[in-house]
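A short write-up of the structure that comes next.
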Amino acid sequence: MGLLDKKYHDSNIIIVSLESALNWARKSSLWYEQFGLACCAIEMMATAASDYDFDRFGIIPRSSPRQADVMIVAGTVTMKMASRIERLYEQMSEPRYVISMGSCSNSGGPYWEHGYHVLKGVDKVIPVDVYVPGCPPRPEALLEGFLKLQERISNETIIEPRETEQESTEEEKEPIEVE
């Protein structure tokens, strides 16, 4: 007979796995990097304002990439800016996530056809976890993107089996698109 075989009548006791507890803590304290490139950044700021209030979900803005674990790429990514985005992404600590916000960062937006200077999607430079469509997307869409990211984090495994040379053809995780 173990400790878990007893029935608890007290409502203050929760039995949960360590992995579930750590995933709950990670998804409930997402710190995003304040990084806006164009008009989508205004919508990102509106989401952090009092009407939508990111703070109630534990989503806190940070100014340094070394303190952030989520990067929101909001706006048009030019070829000149792509190397800087990649550098900021590399400065973030693991685990790190990316949300691509708006048509311009998802696929180049209206500029991709006529502009030689526009990157055809930020996923050409860094891996993207969640795509938020729109031009510019509403604050509710960005909030839904964060909820999808929290869903993904709660389903992650913390302890991964060690990869051998034969198993090196492992697929990467698929990005999520907000509807």
Side-chain angles (χ1 to χ4, degrees), residues 22-50 52-109 111-112 117-160 172-178:
L22 291 175
N23 282 343
W24 173 80
R26 282 185 26 229
K27 81 172 191 165
S28 300
S29 63
L30 292 174
W31 292 3
Y32 69 95
E33 187 174 355
Q34 296 176 338
F35 183 70
L37 297 169
C39 48
C40 290
I42 304 299
E43 297 297 323
M44 179 179 66
M45 289 180 241
T47 311
S50 60
Y52 300 99
D53 195 20
F54 259 173
D55 294 343
R56 65 190 162 128
F57 293 101
I59 302 169
I60 311 294
R62 301 303 298 171
S63 299
S64 170
R66 291 173 181 89
Q67 297 172 348
D69 49 6
V70 178
M71 176 189 275
I72 304 173
V73 181
T76 310
V77 180
T78 61
M79 298 292 187
K80 190 182 265 190
M81 199 64 188
S83 63
R84 286 141 179 102
I85 289 174
E86 189 176 15
R87 178 180 288 173
L88 287 171
Y89 177 76
E90 290 170 358
Q91 289 177 359
M92 293 170 60
S93 61
E94 290 284 345
R96 53 187 171 207
Y97 306 99
V98 176
I99 295 179
S100 177
M101 179 181 177
S103 298
C104 294
S105 64
N106 290 346
S107 64
Y111 310 108
W112 74 271
H117 64 290
V118 176
L119 192 65
K120 313 302 190 252
V122 74
D123 56 355
K124 307 277 189 227
V125 180
I126 57 175
V128 175
D129 295 299
V130 178
Y131 292 96
V132 179
C135 185
R138 298 266 313 142
E140 294 93 352
L142 180 58
L143 196 56
E144 184 180 350
F146 264 102
L147 293 176
K148 296 285 185 186
L149 182 62
Q150 286 179 338
E151 229 175 81
R152 170 175 271 180
I153 292 170
S154 65
N155 294 329
E156 283 183 350
T157 59
I158 295 173
I159 302 172
E160 296 179 9
E172 293 185 20
K173 54 187 174 182
E174 289 293 318
I176 301 171
E177 185 170 336
V178 177

Fill in: Qualifying residue for side-chain contact (heavy atoms from CB on, under 4.5 Å) with S105, from L119, V73, L37
V73
Identify the heavy atoms of [X] and [Y] that sit nearest to each other, and give their distance.
X    : Y    : result
P137 : M101 : CG-CG, 3.6 Å
N23  : E156 : ND2-O, 2.7 Å
P133 : N106 : CA-ND2, 3.7 Å

Item to complete: May I ask you to decide if A25's main-chain N or O and K27's side chain share a donor-acceptor pair within less than 3.5 Å?
Response: no
Worksheet item: Is the backbone of Y89 close enough, under 3.5 Å, to the side chain of R96 for a donor and an acceptor to pair up by distance?
Response: yes
Taking the side chain as every heavy atom from C-beta outward, state whether [X] and [Y] have any pair of such atoms under 4.5 Å apart.
X    : Y    : value
V130 : Y97  : no
E144 : E140 : no
L142 : I99  : yes
L30  : F57  : no

Worksheet item: How many angstroms lie between CG in L22 and OG in S154, if you round to the nearest 0.5 Å?
Response: 13.0 Å
Worksheet item: What is the distance from atom CE of M71 to atom OG of S100, rounded to the nearest 0.5 Å?
Response: 11.5 Å
Worksheet item: Is the CZ atom of R87 crowded by more than 12 outside heavy atoms at less than 6.0 Å?
Response: no
Ignoring hydrogens and angles, write down the donor-acceptor pairs under 3.5 Å from the side chains of residues 41-48, residues two or more places apart or on other chains.
from, atom 1, to, atom 2, distance (Å)
T47, OG1, E43, O, 2.8

Worksheet entry | side-chain hydrogen bond (donor to acceptor under 3.5 Å, both in side chains) contacts in which one or both residues fall within residues 57-71, not counting sequence neighbours | Q34-S63, R62-Q67
Less than 3.5 Å apart, which donor and acceptor atoms pair up between the side chains of residues 75-85 and the rest of the protein, not counting sequence neighbours?
from, atom 1, to, atom 2, distance (Å)
T78, OG1, M81, N, 3.3
R84, NH1, K80, O, 2.5

Item to complete: Could you check F146 against V70 for side chain to side chain contact (heavy atoms under 4.5 Å, CB included), going step by step and ending with a plain yes or no?
Response: CA-CA 10 Å; F146 264 102; V70 178; 3.9 Å; yes
